[in-house]
A.B. asks: 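The structure that follows is given in the form of structure tokens.
On a predicted model such as this, the values are computed, not experimentally measured, just so you know. Only this structure's heavy atoms are used, side chains among them; waters, hydrogens and symmetry mates stay out.
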Amino acid sequence: MTDSNLPALSLNHDFVNWFRDSSPYIHAHRNRTFVVSFGGEAVYDSGFAHHVHDFALLNSLGIRLVLVHGIRPQIDTCLRKQNITPRFHKNLRVTDELALQCVKEAAGLVRVEIEALLSMGLANSPMAGAKIRVVSGNFVIAKPIGVIDGVDYGHTGEVRRIDSQAIHQQLDMNSVVLISPVGYSPSGEAFNLSAEKVATEIAIALKAEKLLLLTEQSINHPESGDKIQQMTTVETQQFIDRFPGIEQSISLPLQAAIHGCQSGVERVHLVNRHQDGGLLLELFSRDGTGTLISSTPYEELRQATLNDIGGILELIIPLEEQGILVKRSREKLEMEIGDYIIIERDGLIIGCTALHSIENELAGMIACLAVHPDYRGSARAGRLLEHLQRKAKMLGMQQIFALTTQTSHWFLERGFAPTAVETLPEQLKSFYNPQRNSKILCKSI
């Protein structure tokens, strides 16, 4: 083997590792219902074909897929061709008879264009052999918004009901359901709707596992500029209230996410449509690439249970093999599981530690402090330690001890002080292994 083979081998290794890491998500997503919403701007974009390829891939992996497209820029283009200025009030389009004709024209053109792209099957292309069946229909029943502040919105409407049974029937036949932001009334009228709201109501009605909103930009913190990876619905509302001046391209998807989660959708993902492959990265990698909104925390620090033992062992065995942690058996873990706390992220245990009480002493010992390699340097170890310190104080402990071979400075930086074997409580002295020559640190609570 020559050195020239090494880059190719490295790329192959990266691909194999990615494929293996994504396999739990492939299994988890199969036969699940996902609703994906994207604006008319995305359809205009020259890179829209990449999104279509990703939709085809999701369908091929057994995901029940509903696509909801927007048409706002297409409507505006149609109106301008007729020298008509688009009318809005409170960020909602006023849809008169002329505008309604543009709505119908735009919805038809965009729907046909998406259907054509999903029908591709050229050899040597991502769509080769896809054979996707696309179904559209009158699945959305709507009603007029009416008159607000004296302004008659005309044919601008809101969702009244979703024909979820009809959509499920199509999904059961492995069809991709494509829905335009147009609703129909029992009296035969058509109404112009918000694509985001249509997608949200469909996700709620179908009891979808995920609602994915392809946004025009990433959700970044207005002050720090850092991308926001996850928020609960409560945190999302606080964010909107704190920054009332944020752009609609951010606030509207966030409001849709709140409504979706509060109405039963498990998770809502906001993904920047400009990132090639962003949808796949969000769905098939643990940390994703967008912003996840959920009713409950995506990452949770909690008391460990017997069901967590397999995950704890998977985390600590590599560290035991390196001599960083003392080896412990499954039986010992089972006996002491009540002492353990963990950090769980999307089903993976990424951190753990334990606080063992010392008999006849107002003291405790920190044990098995470990964080997954992918999540080190992100303050999670400190979070675990802080939790243990609060727990020790609550239990009336006055001192906590830590024995470590490689992380003594980390403990020193957090208020621990070095001490000698002779100062240890008798129970700890009996456990101390001179061959490991662990550093002994102590902290008063």
Side-chain angles (χ1 to χ4, degrees), residues 35-48 50-51 54-55 67-77 79-80 86-95 103 106-107 110 114 145 156 158-159 179-181 192-203 210-233 235-262 265 267-279 281-282 288-294:
V35 178
V36 183
S37 173
F38 48 93
E41 296 84 359
V43 182
Y44 265 147
D45 197 301
S46 59
F48 182 64
H50 295 300
H51 289 303
D54 294 345
F55 299 154
L67 305 177
V68 182
H69 68 82
I71 51 175
R72 175 176 280 206
Q74 287 83 359
I75 298 171
D76 290 342
T77 299
L79 288 170
R80 290 191 184 103
R87 289 177 59 209
F88 292 89
H89 179 67
K90 290 190 172 179
N91 299 314
L92 282 176
R93 185 185 300 277
V94 176
T95 311
V103 169
V110 171
I114 296 171
I145 287 179
T156 297
E158 58 187 6
V159 176
I179 296 179
S180 302
N192 176 32
L193 308 174
S194 158
E196 284 168 341
K197 291 183 179 179
V198 169
T200 305
E201 294 302 330
I202 289 173
K210 291 184 185 295
L211 169 61
L212 298 123
L213 305 174
L214 300 185
T215 59
E216 290 303 304
Q217 61 191 99
S218 299
I219 310 301
N220 296 330
H221 196 283
E223 294 176 342
S224 67
D226 296 334
K227 186 178 73 176
I228 299 174
Q229 287 192 313
Q230 61 196 54
M231 290 190 287
T232 64
T233 50
E235 291 168 339
T236 305
Q237 188 59 59
Q238 291 172 344
F239 178 84
I240 294 172
D241 294 341
R242 183 180 174 189
F243 301 106
I246 56 176
E247 297 179 41
Q248 271 197 305
S249 58
I250 294 176
S251 63
L252 291 180
L254 289 175
Q255 288 166 354
I258 293 172
H259 176 53
C261 290
Q262 290 177 339
V265 180
R267 292 177 179 176
V268 180
H269 302 254
L270 281 60
V271 181
N272 188 333
R273 71 167 180 87
H274 297 285
Q275 181 177 3
D276 186 23
L279 191 61
L281 287 168
E282 182 68 11
T289 186
T291 298
L292 169 65
I293 310 295
S294 59

A.B. asks: Does the His274 side chain pair with the main chain of Glu216, one donor and one acceptor, at a distance under 3.5 Å?
C.D. replies: yes
A.B. asks: Can you find a pair of side-chain heavy atoms, one from Pro222 and one from Phe239, that are under 4.5 Å apart?
C.D. replies: yes
A.B. asks: Under 30°, 30 to 60°, or over 60°: which ring-plane class applies to His51 and Phe48, parallel, tilted or perpendicular?
C.D. replies: tilted
A.B. asks: Once you round to the nearest 0.5 Å, how far does CD of Glu282 lie from CG of Leu270?
C.D. replies: 9.0 Å
A.B. asks: Would you say the side chain of Ser249 lies within less than 4.5 Å of the side chain of Thr215, judging by non-hydrogen atoms?
C.D. replies: no
A.B. asks: Distance check, rounded to the nearest 0.5 Å: Thr236 atom OG1 versus Ile219 atom CD1?
C.D. replies: 9.5 Å
A.B. asks: For Phe38 versus Val43, what's the shortest heavy-atom pair and its separation?
C.D. replies: CE1-CG2, 3.9 Å
A.B. asks: Where does the angle between the aromatic ring planes of His221 and Phe243 fall among parallel (under 30°), tilted (30 to 60°) and perpendicular (over 60°)?
C.D. replies: perpendicular
A.B. asks: I need the Leu212 CG to Leu214 CG distance, nearest 0.5 Å.
C.D. replies: 7.0 Å
A.B. asks: Measure from the side-chain N and O atoms of Thr289 to the backbone N and O of Gly278, and report whether any donor-acceptor pair falls under 3.5 Å.
C.D. replies: no
A.B. asks: May I ask you to check whether Ser180 and His69 show a side-chain donor-acceptor distance below 3.5 Å?
C.D. replies: yes
A.B. asks: Please name the pair of heavy atoms, one in Val110 and one in Gly70, separated by the smallest distance, quoted to 0.1 Å.
C.D. replies: CG1-O, 4.4 Å
A.B. asks: In the structure I gave you, are the side-chain heavy atoms of Arg93 and Ile75 within less than 4.5 Å of one another anywhere?
C.D. replies: yes
A.B. asks: Looking at Ser218 and Asn220, would you say the former's side chain and the latter's main chain have a donor-acceptor pair under 3.5 Å?
C.D. replies: no
A.B. asks: What's the spacing between Glu158 CD and Lys197 NZ if we round to 0.5 Å?
C.D. replies: 7.5 Å
A.B. asks: Indicate yes or no: at least one non-hydrogen side-chain atom of Val268 is less than 4.5 angstrom from one of Lys210.
C.D. replies: no
A.B. asks: In Å and rounded to the nearest 0.5 Å, what is the CE to CD distance from Met231 to Gln238?
C.D. replies: 10.0 Å
A.B. asks: If I compare all heavy atoms of Pro181 with all of Ile71, which pair ends up nearest, and what's the gap?
C.D. replies: CG-CG1, 3.7 Å
A.B. asks: Identify the two heavy atoms, one from Pro253 and one from Ile250, that lie closest to each other, and give their separation to 0.1 Å.
C.D. replies: CD-O, 3.2 Å
A.B. asks: Applying side chain to side chain contact (heavy atoms under 4.5 Å, CB included), run through Leu292 and Gln229 and close with a yes or a no.
C.D. replies: CA-CA 6 Å; Leu292 169 65; Gln229 287 192 313; over 6 Å; no
A.B. asks: Just checking, any donor-acceptor pair under 3.5 angstrom between side chains of Ser294 and Gln230?
C.D. replies: no
A.B. asks: Does either side chain, that of His259 or that of Glu201, offer a donor lying less than 3.5 Å from an acceptor on the other one?
C.D. replies: yes
A.B. asks: Report yes if some heavy atom in the side chain of Glu196 is under 4.5 Å from a heavy atom in the side chain of Gln255; otherwise report no.
C.D. replies: no
A.B. asks: Does any pair with a residue in residues 219-231 pass salt bridge (charged side-chain N to carboxylate O under 4.0 Å, His left out), and if so which ones, sequence neighbours excluded?
C.D. replies: Glu223-Arg242
A.B. asks: Measuring from Leu211:CG to Cys261:SG, what's the distance to the nearest 0.5 Å?
C.D. replies: 8.0 Å
A.B. asks: Do you know the tightest heavy-atom contact between Gln74 and Tyr44?
C.D. replies: CA-OH, 3.6 Å
A.B. asks: I want to check something: taking the side chain as every heavy atom from C-beta on, are Phe55 and Val36 in contact at a cut-off of under 4.5 Å?
C.D. replies: yes
A.B. asks: Would you say the side chain of Gln237 lies within less than 4.5 Å of the side chain of Ile258, judging by non-hydrogen atoms?
C.D. replies: yes
A.B. asks: If you compare all heavy atoms of Pro86 against all heavy atoms of Arg80, which two are closest, and at what distance to 0.1 Å?
C.D. replies: CG-NH2, 4.4 Å
A.B. asks: Would you say Leu213 and Val271 make side-chain contact, with heavy atoms under 4.5 Å?
C.D. replies: no
A.B. asks: Taking atom types as modelled, find out whether Gln262 and Thr233 have a side-chain donor-acceptor pair closer than 3.5 angstrom.
C.D. replies: no
